[in-house]
Amino acid sequence: MASQPHSLSYVGCNFLRQRLVLSTLSGRPVKIRKIRAKEENPGLRDFEASFIRLIDKVTNGSRIEINQTGTTLYYQPGLLYGGVLEHDCSPHRSIGYYLESLLCLAPFMKHPLRIVLRGVTNDQVDPSVDVLKATALPLLKKFGIDGEGFELKITRRGMPPKGGGEVIFACPVRKVLRPIQSTDPGKIKRIRGTAYSVRVSPQIANRIVDSARSILNKFIPDIYIYTDHMKGTSSGKSPGFGLSLVAETTNGTFLGAELASNPQGQGTAVLPEELGLNCAKLLLEEIYRGGCVDSTNQSLVLLLMTLGQQDVSKVLLGPLSPYTIEFLRHLRSFFQIMFKIETKPSHEELQGGEKVLMTCVGIGFSNLSKTIK
């Protein structure tokens, strides 16, 4: 019997998903103390408890211990099992909150994962399913995770506060990942997007499209924004609208931005025209930051590089977000891996913000439960 790897100990509720995902992949138990210990309502929130239940569903033999007040969590990971599953996500956070972590774990399951997630598909906090579909899936394909069983489909949209959306995510399993050399993002060649509206006038989506195009048409002619108006049961339980935009470059890099309306009964009403303008500006901001991966998927690409074959992987990123910086610290604790970080000042005026070149040698992580075919 192999000796148990020693467990890591953390304090506080921040970065809970990062810690549980890395714990599951590295097989190292993790203990988190003082989760909101000082607050009036201490302990884990509903959406975090739902996330822990999801991790429990996709693994086999995990041990999870939570004390009575929910302020201490001990997690001893089991094997990633996968299979056909369903999960009801908490309406306090969108499905993107859960999906981001599933994207990290799905390629290393024993059986290909096919999961139906129910809840809020688009909100103002987490990356929406539309943006993850347009940016994260092409990224996984670069690492060799592809095949006919690879899809992310929105069958119903759900807006906060009540949700009612439904998403199907299917991902094949891989034994090893390809190393990547992604250092030239290329130039923007086209912009695609989706303006969606549920339980409001279908005209709203067209108004969003017109206002977004009024800014983007100044830069590039190849813009196509689909309008997606869901009716009946497929429109969820709450009204709302929003826009997600994705810019694609000549080298197959995807940069995304999105905005959603305020939830019903919360905050002031948002004009569709304003939402379209602001979302277009957010996309331009993301393009200015640049890099080969947009800011929402930085931690995903760094994780897949870490778990790659024992070969050099390089990626050029825009300015690192605080979440990514903490993720790099966690990678060092769980996998003892350090990245070589070189800043690349932008020489040309057209290149946007400062870039960072991240280089690492993969740890040669191999999916042990995947038999060699």
Side-chain angles (χ1 to χ4, degrees), residues 1-10 15-32 44 48-66 72-89 97-117 136 140 143-147 149-150 152 168-178 299-300 302-310 327 330-337 362-373:
M1 190 66 191
S3 62
Q4 271 292 321
H6 71 279
S7 77
L8 291 158
S9 188
Y10 290 104
F15 311 108
L16 178 85
R17 289 181 303 162
Q18 282 188 16
R19 288 163 184 169
L20 293 184
V21 165
L22 292 173
S23 164
T24 311
L25 287 168
S26 64
R28 298 181 69 171
V30 65
K31 185 170 189 178
I32 303 172
L44 293 163
E48 289 165 334
S50 176
F51 179 74
I52 292 167
R53 280 198 292 276
L54 175 63
I55 292 279
D56 192 32
K57 276 181 191 170
V58 298
T59 58
N60 187 5
S62 294
R63 217 174 98 215
I64 299 164
E65 292 168 12
I66 302 171
T72 305
L73 162 72
Y74 176 74
Y75 172 66
Q76 188 179 332
L79 295 171
L80 282 163
Y81 194 74
V84 181
L85 300 164
E86 291 188 4
H87 184 67
D88 292 322
C89 305
Y97 175 82
Y98 302 89
L99 203 52
E100 273 188 301
S101 298
L102 282 179
L103 287 166
C104 300
L105 297 172
F108 309 105
M109 303 279 177
K110 183 172 184 180
H111 300 289
L113 180 69
R114 185 175 179 83
I115 187 165
V116 178
L117 297 165
L140 287 172
F143 285 93
I145 303 159
D146 198 4
F150 189 40
L152 178 54
I168 298 170
F169 173 55
C171 181
V173 286
R174 286 288 171 267
K175 187 156 173 60
V176 284
L177 296 179
R178 245 196 322 234
S299 51
L300 175 64
L302 295 177
L303 175 70
L304 295 173
M305 282 165 66
T306 303
L307 298 174
Q309 298 168 28
Q310 290 180 333
F327 188 74
H330 281 122
L331 278 177
R332 190 180 64 186
S333 319
F334 282 96
F335 289 110
Q336 288 77 49
I337 190 158
I363 57 166
F365 185 86
S366 168
N367 184 351
L368 296 175
S369 44
K370 171 108 175 82
T371 50
I372 302 169
K373 290 205 170 81

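Worth saying up front: this structure is predicted, and the values here are computed from it rather than measured.
Side-chain atoms of Glu65 never come within 3.5 Å of backbone atoms of Leu73 as a donor-acceptor pair (strictly under, hydrogens ignored). A donor-acceptor contact shorter than 3.5 Å links the side chain of His87 to the backbone of Ser50. Side-chain atoms of Ser62 come within 3.5 Å of backbone atoms of Gly78 as a donor-acceptor pair (strictly under, hydrogens ignored). Side chain of Lys57 to main chain of Glu86: a donor-acceptor pair is present (N/O by atom type, distance under 3.5 Å, no hydrogens or angles). Judged by distance alone, the side chain of Asn367 and the main-chain N or O of Lys110 form no donor-acceptor pair under 3.5 Å. When atom types are taken as modelled, the side chain of Arg174 and the backbone of Asp146 share a donor-acceptor pair closer than 3.5 angstrom.
Proximity of Phe335 to Arg28: side-chain heavy atoms (C-beta onward) are nowhere separated by under 4.5 Å. Looking only at side-chain heavy atoms (C-beta outward), Leu177 and Phe365 stay at 4.5 Å or farther from each other. The shortest distance between side-chain heavy atoms of Leu303 and Leu25 falls below 4.5 Å. Between Met109 and Tyr81, the closest side-chain pair of non-hydrogen atoms is not below 4.5 Å. Contact of the Tyr74 side chain with the Ile64 side chain is not registered, since no non-hydrogen atoms from C-beta on lie closer than 4.5 Å.
To the nearest 0.5 angstrom, Thr72 atom OG1 is 10.0 Å from Ile66 atom CD1. Atoms OG1 and CD1, on Thr306 and Ile337 in that order, are 4.5 Å from each other to the nearest 0.5 Å. Atom SG of Cys171 sits about 6.5 Å away from atom CG of Leu140, to the nearest 0.5 Å. Going from atom NZ of Lys31 over to atom OG of Ser23 covers 14.0 Å, rounded to the nearest 0.5 Å. Note that the CZ atom of Arg17 and the SG atom of Cys104 stand 9.0 Å from one another [nearest 0.5 Å]. Going from atom CZ of Phe334 over to atom CD1 of Ile363 covers 12.5 Å, rounded to the nearest 0.5 Å.
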Inset, instruction - Let me see the working for Leu117 and Leu102 under side-chain contact (heavy atoms from CB on, under 4.5 Å), right down to the final yes or no. - result: CA-CA 11 Å; Leu117 297 165; Leu102 282 179; 4.0 Å; yes
Legend entry - Stepwise side-chain contact (heavy atoms from CB on, under 4.5 Å) test for Leu105 and Thr59: CA-CA 10 Å; Leu105 297 172; Thr59 58; over 6 Å; no
Inset, instruction - Give the intermediate values and the outcome of side-chain contact (heavy atoms from CB on, under 4.5 Å) for residues Val116 and Leu85. - result: CA-CA 6 Å; Val116 178; Leu85 300 164; over 6 Å; no
Inset, instruction - Would you check, one step at a time, whether the test side-chain contact (heavy atoms from CB on, under 4.5 Å) holds for Phe327 with Leu22? - result: CA-CA 10 Å; Phe327 188 74; Leu22 292 173; 4.1 Å; yes
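For the residue pair Ser366 and Lys175, a side-chain donor N or O sits within less than 3.5 Å of a side-chain acceptor on the partner. Using modelled atom types and a 3.5 Å distance limit, the side chains of Ser7 and Tyr75 yield no donor-acceptor pair.
Ring pair Tyr98/Phe51 is tilted by interplanar angle, where 30° to 60° counts as tilted.
Outside the 6.0 Å centre-distance limit, the rings of Tyr10 and Phe15 are not counted as a close aromatic pair.
Taking every heavy atom of both residues into account, Ser333 and Leu8 meet most closely at O-CD1, 4.2 Å. The two residues Ala136 and Leu300 come nearest to each other via the heavy atoms CB-CD2, 4.1 Å.
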